[in-house]
Structure formats: structure tokens, C-alpha cells
Amino acid sequence: MSTALSVNVNKVALLRNARSGEVPSVVDFARAALDAGAHGITVHPRPDQRHIRITDVDALAELLSSPEYADREFNIEGNPLDLSHGDHLMPIVRRVRPTQATLVPDASDQNTSDHGFELTKPEVVGELLPIVEELRSQGCRVSLFVDPDPATAEAAKQTGADRIELYTESYAQAFGTPDQRATVTRFADTAAAAKNAGLGVNAGHDLDQANLGLFLEHVGGVEEVSIGHALVAESLFSGVESTIGSYLDLLNQR
Ligand SMILES: CC(=O)[C@@H](O)[C@H](O)COP(=O)(O)O
Ligand SMILES: NCC(=O)COP(=O)(O)O
């Protein structure tokens, strides 16, 4: 199985928002990533719009609607259960109709994503069921952000979701330490449990060129990795085309 690369452009928007204006352009970065061979674009439009704004989502949707990118995917992340700023995510997904929605249980004031859904709790599954059903009814693939836990992966099936996304920060932290083997084994076990439950497997958070290869070597059947923070940082030094090419080499996609 080949693993697709979805480029998260949150951090391009973060830099852009440091000043007024459109420099650097989120759309231009996304176009360069796609032209270099990235399989898709990911955004996480948080309620405070600290980086990705709703206008960015619409501009990227227009870019990806271009015939030249007909085979590329748009992945929108967010927490449909966080109504602290009103219903933020679902109106966006209903309007844009992305290829995939990745549901992430972030609170609106979190610095970044730092945990997955507790799907072994029936009440969490119950809250997600109607949302997953609506998204899938509009043709949107649904992925649920989860911690590395086989029981959680198995429970994800009850929501009707298509995939899980493995939250890989603990892997990135363990990479190169004595905990590496045990940690990557837990991710492999979680991925296997998801596959056995009939779910696809995505992965993301703190993946980079240094740690990605070992992860894919040990965790089977990963269909998509979404990478942003490290990739954008690496692009500052090596350029977008070269950086994307390096990731595609790691994914054996060139
Ligand atoms: C869900 C996840 O781990 C990331 O996709 C998330 O988008 C990171 O959010 P920030 O870019 O705001 O840190
Ligand atoms: N779902 C993970 C993602 O989109 C990007 O995470 P990161 O590479 O910015 O940590």
C-alpha cells in the first residue's frame, strides 16, 4: 500500500497573519506543494482563526477544484463538538464539501492538538454518530483523531467513520530514545486493530523527515500522513519543491 502525503498549511497562515496582507500566500504555498507532487492539502481552521481563516478554506477549495488537481484531496480538520464559539466546523464542511473531514477533539483554547477522542466511552461515540452520518451522507470521508490504543481503534468502528488518524506526537517524542521500540509497536498494534475493524489508517502530528521512515517501516497500511509544522519549517531552508520531493522519496512515491 502506498501512503499519500497531505500537506498541512496552518503554519504558512500563521506567518502570514503576523502582518496585514497576504505574504506568504497560503494558496501559493499549497499550489507549489501540489505541483511538487503532494497528494492533498490539510487545514485546521480553529475558531479563533489564529492561522487558517475561513477565507483561506474557500480559497484552497477553489484551488483544488481546478481540473489540474482533480486527483488531489482536501482534508479539513476540526472539532464539531466544540460549540464554545458557536457551530464553527460543520457550516464550513457543509459548504466546502472536502474530500475528508478529520475530527479532532480540541478545545478552542488549546495551543495545538494534544489528544484523541476517547472512543471507548459510549457517550463519545453517541455524540459523534450523527455528525459522522451527516458528513458521510454528503460524500465526505470521515477520519477520527485517536491516541495509540487498539481498543480505541476498534471502538471507532461504532461511529461509522471510515478511518482513524493516529496522533503521532508520542511517537515523535520517543523517536531515537530507549522508548522507541515499545512506542512504535503500540502504534503498529493500533493500526492493526483499526484494519481488523475495517477502518483505514491515517497518521499525523510532529512527523518529519527524520522520524517518518521508521514509523512507516513498523506501522503497516498507513494510507495518509498529514504533515505541516516540520514540513513548512523545512521548506524555509530547502524550498517547497525540494522538501516535498524528500517526503515523496520517504513515501516511495516518486
Ligand atoms: C490534528 C493535528 O495534530 C494537526 O493537524 C493540527 O492541525 C495541528 O494544529 P496547529 O497547526 O494549530 O498546531
Ligand atoms: N493531522 C496532523 C497534521 O495535519 C499536521 O500536524 P503537524 O505536522 O503540523 O504536527
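Read the numbers this way: they start at 1 and go in the same order the structure lists the ligands and their atoms.
Ligand-side atoms of ligand 1 in range of Lys11: 10 (P), 11 (O), 13 (O), range being under 4.0 angstrom from any heavy atom. With ligand atoms numbered from 1 in the order given, ligand 2 contributes 4 (O) to contacts under 4.0 Å with heavy atoms of Thr42. Set against the non-hydrogen atoms of Phe145, the atoms of ligand 1 under 4.0 Å away are 1 (C), 3 (O). Listed by number with element, the atoms of ligand 2 under 4.0 angstrom from any heavy atom of His229 are 7 (P), 8 (O), 9 (O). Short contacts between ligand 1 and Asn8, defined as distances under 4.0 Å to a heavy atom of the residue, involve ligand atoms 5 (O), 7 (O). Within ligand 1, the atoms closer than 4.0 Å to a non-hydrogen atom of His51 are 10 (P), 11 (O), 12 (O), numbered from 1 in the order shown. Listed by atom number, the atoms of ligand 2 under 4.0 Å from Ile227 heavy atoms are 8 (O).
Considering Asn202, Thr102, Asn8 in turn, Thr102 is the only one that fulfils the side chain to side chain donor-acceptor pair (under 3.5 Å) rule with Asn75.
For a threshold of 3.5 Å applied to N or O pairs, the pair formed by His205 and ligand 1 contains at least one separation below that value. The distance criterion of under 3.5 Å between nitrogen or oxygen atoms is met by His44 with respect to ligand 1.
By heavy-atom distance, the residue among Ser226, Ser143, Gly204, Gly228 lying nearest atom 3 (C) of ligand 2 is Ser226. Residue nearest to atom 1 (N) of ligand 2, selected from His205, Glu165, Glu224: Glu165 (by heavy-atom distance).
Atom 4 (O) of ligand 2 has Asn8 ND2, 2.8 Å as its closest protein atom, hydrogens excluded (heavy atom only). Ranking protein heavy atoms by distance to atom 10 (O) of ligand 2, first place goes to Asp206 N, 2.8 Å. Ranking protein heavy atoms by distance to atom 4 (C) of ligand 1, first place goes to Glu77 OE1, 3.6 Å. In this structure, atom 1 (C) of ligand 1 lies nearest to the protein heavy atom Ser113 OG, 3.2 Å. Scanning the protein for heavy atoms near atom 13 (O) of ligand 1, the closest one is Thr112 OG1, 2.6 Å.
Under the 3.5 Å distance criterion, with hydrogens and angles disregarded, a donor-acceptor pair is assigned to the side chains of Glu169 and Tyr167. No side-chain N or O of Asp208 forms a donor-acceptor pair with one of Tyr247 less than 3.5 Å apart. A donor atom on one side chain and an acceptor atom on the other are found under 3.5 Å apart for Ser108 and Ser84. Neither side chain, Ser6 nor Arg72, offers a donor N or O lying under 3.5 Å from an acceptor on the other.
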Decide side-chain contact (heavy atoms from CB on, under 4.5 Å) for Phe117 and Asp147; before the verdict, give the C-alpha distance in whole Å, the side-chain angles of both, and the deciding distance to 0.1 Å.
CA-CA 7 Å; Phe117 282 106; Asp147 297 309; over 6 Å; no
For a side-chain contact (heavy atoms from CB on, under 4.5 Å) check, start with the C-alpha distance between Arg31 and Leu64, then their side-chain angles and the critical distance, and finish with the verdict.
CA-CA 9 Å; Arg31 182 184 294 110; Leu64 284 158; over 6 Å; no
Can Gln209 and Ser238 be said to form a side-chain contact (heavy atoms from CB on, under 4.5 Å), step by step?
CA-CA 12 Å; Gln209 289 185 48; Ser238 305; 5.9 Å; no
Decide salt bridge (Lys or Arg N to Asp or Glu O under 4.0 Å) for Lys195 and Glu223; before the verdict, give the C-alpha distance in whole Å, the side-chain angles of both, and the deciding distance to 0.1 Å.
CA-CA 11 Å; Lys195 291 291 183 183; Glu223 296 180 61; 3.3 Å; yes
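Contacts between Glu77 and ligand 2 below 4.0 angstrom, taking non-hydrogen atoms only, involve the side chain exclusively. Only side-chain heavy atoms of Arg46 come within less than 4.0 Å of ligand 1; its backbone N, CA, C and O stay farther off.
For Arg50, the CZ atom counts as densely surrounded, since its 6.0 Å shell holds more than 12 non-hydrogen atoms of other residues, nucleotides or ligands.
For the atom pair CG (Asn79) and CD (Gln110), the distance works out to 8.5 Å, reported to the nearest 0.5 Å.
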